[in-house]
Amino acid sequence: MANCGFALIGFMGTGKSSVAKMLSTKLNLELIDTDDLIESKFQMSISEFFSKYGEEKFRKIEKDLIQDISSNLNSVIACGGGVSLNNDNITNLKINNKIILLNASSESIFDRLKTDNTRPILKSNMDVNTIRIIKTNRKESYNKSADIIIDTDSKTISEITDEIIGMIVKG
Ligand code: S3P
């Protein structure tokens, strides 16, 4: 697949990183994970980054990073869950990528993340209600950014990846 790219967006715990990995392998495209790049650039976890520098600085670094990779061709980009909150990020991603939104219910997100302590946004409030509230606040920005929307509830990473490939092939 030449001269195309895909950016996966959506709430934390919807499987963006795992799906991006499998999709990039199956389509033979480069894998880029925005959180991984930030972690390796600053040599610290996202949680450490939030405690040390705060969310505002994180969003600035995230935005600069998206701008830097916006000219890349032939990649699958796993975006952090807050990337679509900034319109410039979406404009930049759309230059060379189709945007794929992964959706999941608040209950299944909670189920996947309840023992996870790597998400600073949910750290002190890991419960279904908080997930529902943040998801509702972000819903519009996720939906309006997406070219393709995939529901992930009760599906394996492999099934989600194949569904995406099926939709890409259909055009
Ligand atoms: C965030 C999601 C995280 C990470 C950071 C902020 C968010 O990425 O970028 O903790 O605001 O939704 P994942 O969606 O990969 O967990």
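Remember, it's 1-based here, ligands and their atoms both numbered in the order they're listed. Everything numeric here is computed off the predicted structure, so don't read it as measured data.
Within the listing of ligand 1, atoms 5 (C), 10 (O) sit less than 4.0 angstrom from a heavy atom of I46. Ligand-side atoms of ligand 1 in range of D35: 3 (C), 4 (C), 8 (O), 9 (O), 13 (P), 15 (O), range being under 4.0 angstrom from any heavy atom.
In this structure, a donor-acceptor pair under 3.5 Å is absent between the side chains of S75 and N72.
Look at E39 and you'll find every heavy atom at least 4.0 Å from all atoms of ligand 1. The shortest separation from a heavy atom of P120 to ligand 1 is under 4.0 Å, placing the residue in contact. The closest approach between any non-hydrogen atom of R138 and ligand 1 is below 4.0 Å.
Between G81 and ligand 1, a contact under 3.5 Å exists for at least one N or O pair. In terms of polar-atom proximity, defined here as any N/O pair under 3.5 Å, T118 makes no such contact with ligand 1.
With sequence neighbours left out, F110 forms a ring pair (Phe, Tyr, Trp, His ring centres under 6.0 Å) with no residue at all.
For atom 14 (O) of ligand 1, the closest non-hydrogen atom on the protein side is K16 NZ, 2.7 Å. Remark: minimum distance from atom 16 (O) of ligand 1 to any protein heavy atom is reached at R119 NE, 2.7 Å.
For the residues E62, R59, K123, the heavy atom positioned nearest atom 11 (O) of ligand 1 is part of R59.
At most 12 heavy atoms of other shown residues, nucleotides or ligands fall within 6.0 angstrom of atom NZ in K98. Around atom NZ of K144, more than 12 heavy atoms belonging to other residues, nucleotides or ligands sit under 6.0 Å away.
Residues F58 and Y53 keep their aromatic ring centres 6.0 Å or farther apart.
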Exercise. With side-chain hydrogen bond (donor to acceptor under 3.5 Å, both in side chains) as the test, would you mind laying out the steps for E48 and S45 before giving the verdict?
Key: CA-CA 5 Å; E48 285 170 318; S45 70; 3.3 Å; yes

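Contact check on D33 versus K16 returns no salt bridge, with no Lys/Arg side-chain nitrogen under 4.0 Å from an Asp/Glu carboxylate oxygen.
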